[in-house]
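All remarks here apply to the structure that follows.
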Protein chains: 2
Amino acid sequence: MGKEIVGMDDGQAVEIFKALSNQTRVRILQMLREPAVYFSPQIHITKEDGFDGGVCVSDIRSKTGISQSTTSQYLSILQQSGLVEMKRIGQWTYYRRNEETIKQFERYIGSHL
Amino acid sequence: MGKEIVGMDDGQAVEIFKALSNQTRVRILQMLREPAVYFSPQIHITKEDGFDGGVCVSDIRSKTGISQSTTSQYLSILQQSGLVEMKRIGQWTYYRRNEETIKQFERYIGSHL
DNA sequence: TTTAGATATCGATATTTCTCGATATATGAA
DNA sequence: TTCATATATCGAGAAATATCGATATCTAAA
């Protein structure tokens, strides 16, 4: 059961399963697919930041109904699993999907599950 | 975010993520892909039972290194999530993959994640 | 019907996760 | 520097999960 073609091993996949074993975290990942639909424009991000699609923590919080600290921790869990990436810009931290990891995860599901 | 084409909603997907957020349970599902490779022949299953690919609990246990009770519970978790189906035949309970659910789950990942 | 084997369930303890409010840290503005 | 805002981290209690051994149940065989 090699990981060569998939780019992901069982251990990382299990970490992703854990990250997704919570409805709110799944919902966050889904909303980040279409930031323009679910969030107001991130006016402090510029083209030069190179972080298109990123959404700040407080905007995510306002859509989830959970506390600020929980939102921060959920995003950290998603990030540690590799599903999202983050960038601090000024006083905001932006999160966006890591499509590369998500693709690898899809391939893992398709070929190793 | 309709489930019409996918056949699976967010709630069921989260239950599957929970079931898979454990290395041993993932491993069981993987081994059940190729029963002939990972298990000895299930000599008590006949063609008429209509449960090809099923493996009995004790054979699964002997490959996992966990206790009998934990094996039974893990299989129950996998079954309740829909990933496997079971059939009692005589004194044995056989488990095999539910490929239909797994396909739906793959489609969910591909289109809803 | 008694016995033996296969599996499920129960009860318990240890660990992990959930979720919050409080507090700390970082950054930009005044 | 001081203040305000954004985010992260800490500490805690409640709930859920992991995992076991012991016991119960179910089935086939004797």
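Atom pair His44(A):NE2 and dA6(D):P shows a separation of 9 Å (rounding to whole Å applied). Computed from coordinates, the Ile60(A) CD1 to dT7(D) P distance equals 9 Å when rounded to whole Å. In this structure, Gln79(A) atom CD and dA8(D) atom P are separated by 9 Å, rounded to whole Å. Atom CH2 in Trp92(A) sits roughly 13 Å away from atom P in dT27(C) (whole-Å rounding). Rounded to whole angstrom, the span from the CG atom of Leu78(A) across to the P atom of dT17(C) amounts to 14 Å.
In summary, of the residues considered (Thr70(B), Thr71(B), Thr64(B)), a side chain to side chain donor-acceptor pair (under 3.5 Å) with Ser67(B) occurs for Thr70(B) alone.
In this structure a side-chain-to-backbone donor-acceptor pair under 3.5 Å is missing from Lys87(A) to Arg96(A). Using a distance-only test at 3.5 Å, with no hydrogens or angles considered, no donor-acceptor pair links the side chain of Arg107(B) to the main chain of Gly7(B). Under a 3.5 Å cut-off, the side chain of Ser72(A) and the backbone N or O of Ser69(A) do not form any donor-acceptor pair.
Under the side-chain contact (heavy atoms from CB on, under 4.5 Å) criterion, Arg88(B) pairs with Thr93(B), not counting sequence neighbours. By the side-chain contact (heavy atoms from CB on, under 4.5 Å) test, Ser81(A) pairs with Ile16(A), Ala19(A), Leu83(A), sequence neighbours left out. Phe105(B) is linked by a ring-ring contact (aromatic ring centres under 6.0 Å, His included) to Phe17(B), counting only residues two or more places apart in sequence or in another chain. Legend: residues meeting ring-ring contact (aromatic ring centres under 6.0 Å, His included) with Tyr108(A), ordered by chain and number and at least two apart, are His112(A). For Gln80(B), the side-chain contact (heavy atoms from CB on, under 4.5 Å) criterion is met by Ser76(B), not counting sequence neighbours.
Using five terminal pairs a side, the axes of the helix from dT1(C)-dA30(D) to dA30(C)-dT1(D) at its two ends make an angle of 10°, given in steps of 10 degrees.
DNA chain D is contacted by Cys56(A), Val57(A), Ser58(A) of residues 47-59 of chain A, taking any non-hydrogen atom closer than 4.0 Å. Of the residues in residues 81-91 of chain A, those placing a heavy atom less than 4.0 Å from an atom of DNA chain D are Gln91(A), in numerical order.
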Counting only pairs under 3.5 Å, give me each side-chain donor-acceptor contact of residues 51-59 of chain A, with atom names and distances, residues two or more places apart or in other chains.
residue	atom	partner	partner atom	Å
Asp52(A)	OD2	Lys47(A)	NZ	3.3
Asp59(A)	OD2	Gln42(A)	NE2	2.8

Determine whether Glu100(B) and Lys103(B) satisfy the following criterion, salt bridge (Lys or Arg N to Asp or Glu O under 4.0 Å), listing intermediate values before the conclusion. CA-CA 5 Å; Glu100(B) 185 53 35; Lys103(B) 264 195 208 66; 5.1 Å; no
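Judged as a ring pair (Phe, Tyr, Trp, His ring centres under 6.0 Å), not a single pair has a partner in residues 54-83 of chain B (not counting sequence neighbours).
Ile43(A) shares a hydrophobic cluster with no other residue; no ILVMFWY side chain has heavy atoms under 4.5 Å from its own.
Listed pair Thr93(A) / dA8(D) meets the phosphate criterion, a side-chain N or O lying under 4.0 Å from OP1 or OP2. Put simply, Tyr95(A) has a side-chain N or O that comes within less than 4.0 Å of OP1 or OP2 on dA8(D).
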Identify the pairs formed between an N or O of the protein and an N or O of nucleotides 14-21 of chain D at a distance under 3.5 Å, and give each distance.
residue	atom	partner	partner atom	Å
dA18(D)	OP1	Arg25(B)	NH2	3.2
dA18(D)	OP2	Arg25(B)	NH1	3.3
dT19(D)	OP2	Tyr74(B)	OH	2.0
dC20(D)	OP2	Ser67(B)	N	3.1
dC20(D)	OP2	Ser67(B)	OG	3.2
dC20(D)	OP2	Thr70(B)	OG1	2.9
dC20(D)	N4	Gln73(B)	NE2	3.2
dG21(D)	N7	Ser69(B)	OG	3.4
dG21(D)	O6	Ser69(B)	OG	3.0

